[in-house]
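Count residues from 1 along the sequence.
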Amino acid sequence: MDDELEDRVLYQTYASYMKFLSKFALGVPTLNSSVAYMWKLRLYLMKPEVIICGLLLVLLIVYLQAVEMWSKDFMGKIQKSLGYSTKASKLQLLSTYSEKLSWEIKKDASACFAIQGRRPRMEDRFIVEENVNSDTGIALFAIFDGHAGDFAADYAKDVLMKSVTSKILDAHNIINGKVAETPPEKKPKPEESEENKENIAVDKNSVTQRRSSFRKSYSSFTEECLQKGNCNQAAQEPDIYNLNALCRPLNKEAFLNQNSPSQKTEKPQVLDTKCYIDSGKINYGKLLTDEVLAADHELVESAKKIKNFAGTTALIAVLDGTKLVVANVGDSRGVMCDSKGNAIPLSFDHKPQQVREKKRIQEAGGFVAFNGVWRVAGILATSRAMGDYPLKDKKLVIADPDILTFNLRDHKPMFIILASDGLWDTFNNEEAVAFIKERLDEPHFGAKSLTMQSYYRGSVDNISVLVVVFKNGTFRVGSSAGSD
């Protein structure tokens, strides 16, 4: 009985299965005909939406394949050029690649390390002079962060710093009784001297009358200097830029059109070195201010001739005995680590959104707009710089440096850091000081490690870090044993 029941179940299952297959085969005759199936498929594929989606899918696949092949080929070339054939870590590869595009200098008590980073070209420049002329005991350090090209940064490094060094040496020689005689061809004739005296008297009155209405654009001539008659030439007022026109959104064509010959200014007068000596000491604040403004004037005039729009920040530090003087134009920054490990700012960034800077820009007829970051006229991310001549003609950007003076006896510093904004995009003052403090025993006093760490943190700018180390709160190298 059980066997009979089992046979019936199997039979019914088999019969049901065969009926199902028969209905399926008869209901879909296209499966039996490949030609008929392809014909139906063709009609479906010819629909516009299917064609468009298919094309987009094909283009996406081709693009991804091309990117993958290009990236593999590019990285392969890098690895081959660096001799990187093993399967090492990604960090090691980035480190090797970055060091190939790096610049460095190491001296007795200071070091600087700079990398191009993720920028297409290197626009940072730096100066490291631990003892100017080897016998003055005066140290000179500088960081220049160029933008829109390296023309302005090169000019600042080569021309400005050469002039600053020359003035410091002249002042040092005057104080120490080593005054070089004026070359015969530069000595003024007696009649010219009398004429100059008259011109100085006239210009003195002119300066006094105009002081309330505007500020000189190129130099910090003082009435005291004019009274002493210590200037090489008679002081002359520059032509004043036209500040009445409203600032409009600027482009390259507008920049070129607004610079007519009538807007050219006279060459700024250069003060005699004696004007920078006060009570037997060098007035570095006044010297650096005049030199930066004079160099900026010449830079702007040179840039106009070749239609070069480049600009640069300027961060200059002078160490003379126990005195530290820092001049800053732009957003490169300096910070000091005192004896307690505190971070003491040596400069403050010039940013367009700051109340003081924004007010000055608006009073000059300009505006500040947000374009990724706050920018002058929607263009420049720093409100002060050397160069940038299109923005200089309207006084939207100025080159007037902020001067801060520090007595090292009060702070007894361990070290100072001068760096371009590529570092400060990823580090704040306290973080940078803490980082260097733990690495002063490294070959570059931690400058290289800090630079590379900023790169690994994602800084997209050029990065330059200069570290100056003090011992017992003083900076002494070679014969630099001067005191304040």
Side-chain angles (χ1 to χ4, degrees), residues 105 107 110 112 124-146 152-176 178 180 218-222 225 230-232 267-278 281-300 302 311-321 323-330 332 334 346-347 384-387 399-406 416 418 464 466 468 475 477 480 482:
I105 185 170
K107 294 196 174 183
S110 60
C112 185
D124 284 5
R125 301 292 185 269
F126 56 85
I127 293 288
V128 180
E129 280 290 346
E130 290 189 340
N131 195 350
V132 177
N133 208 34
S134 302
D135 64 353
T136 61
I138 301 172
L140 189 61
F141 307 96
I143 293 286
F144 303 103
D145 181 5
D154 282 333
Y155 192 97
K157 177 185 177 183
D158 299 333
V159 178
L160 169 61
M161 296 311 296
K162 182 179 180 181
S163 181
V164 168
T165 302
S166 177
K167 280 290 174 63
I168 291 176
L169 288 175
D170 290 346
H172 182 268
N173 290 336
I174 291 173
I175 293 174
N176 290 276
K178 303 176 182 178
Y218 62 88
S219 179
S220 59
F221 272 106
T222 61
C225 174
N230 288 333
C231 301
N232 283 334
K267 183 177 180 179
Q269 305 299 313
V270 180
L271 288 178
D272 187 87
T273 306
K274 293 180 181 178
C275 292
Y276 302 117
I277 298 176
D278 184 13
K281 297 177 183 177
I282 302 176
N283 187 339
Y284 288 106
K286 182 180 177 186
L287 186 153
L288 291 173
T289 299
D290 284 357
E291 289 297 317
V292 168
L293 292 175
D296 177 65
H297 176 88
E298 296 295 336
L299 171 59
V300 169
S302 299
T312 183
T313 68
L315 181 64
I316 306 171
V318 180
L319 275 166
D320 188 354
K323 178 185 290 186
L324 169 63
V325 181
V326 180
N328 178 54
V329 180
S332 293
L346 298 180
S347 67
R384 300 194 188 189
M386 296 181 64
D400 301 54
D402 284 339
I403 306 292
L404 295 181
T405 302
F406 302 85
I416 65 174
L418 306 178
S464 298
L466 196 162
V468 182
F475 181 82
V477 178
S480 61

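- In this structure, V164 and V318 have side chains that are not in contact, with every pair of non-hydrogen atoms separated by 4.5 Å or more.
- In this structure, T165 contributes its side chain and M161 its backbone to a donor-acceptor pair below 3.5 Å.
- The only member of D296, I316, I127 that meets side chain to side chain contact (heavy atoms under 4.5 Å, CB included) when paired with L160 is I316.
- Within the 4.5 Å cutoff, the side chain of L346 has no heavy atoms near those of the L404 side chain.
- Here the shortest heavy-atom pairing between S464 and I143 reads CB-CD1, 4.2 Å.
- Among all heavy-atom pairs drawn from A142 and L466, the shortest one is O-CD1, 4.1 Å.
- Between T312 and A156, the shortest heavy-atom contact is CG2-CB, 4.2 Å.
- You'll find the side chain of D145 reaches within 4.5 Å of the side chain of D124, heavy atoms only.
- Considering all non-hydrogen atoms of both residues, K107 and E129 come closest at NZ-CA, 4.4 Å.
- Closest non-hydrogen pair, Y284 versus K323, comes out as CD1-CD, 4.4 Å.
- Salt-bridge annotation for R384 and D400: absent, with no side-chain N of the basic residue lying under 4.0 Å from a carboxylate O of the acidic one.
- The side-chain heavy atoms of L319 and F141, taken from C-beta on, include a pair separated by under 4.5 Å.
- Counting non-hydrogen atoms of other residues, nucleotides and ligands closer than 6.0 Å to NZ of K162 gives a total of 12 or fewer.
- Side-chain atoms of V325 and L288, non-hydrogen and from C-beta on, do get closer than 4.5 Å to each other.
- Using a distance-only test at 3.5 Å, with no hydrogens or angles considered, no donor-acceptor pair links the side chain of N283 to the main chain of I277.
- The CG atom of D402 sits 9.0 Å away from atom OG1 of T289, with the distance rounded to the nearest 0.5 Å.
- Within the 4.5 Å cutoff, no side-chain heavy atoms of F475 are placed close to those of L324.
- Contact of the E298 side chain with the V159 side chain is not registered, since no non-hydrogen atoms from C-beta on lie closer than 4.5 Å.
- Distance check, rounded to the nearest 0.5 Å: OG1 of T136 to CD1 of I282 gives 8.5 Å.
- Here the closest non-hydrogen pair linking S347 and S332 is OG-O, 3.8 Å.
- Here the straight-line distance linking atom CE of M386 with atom CG of L293 works out to 8.5 Å at 0.5 Å rounding.
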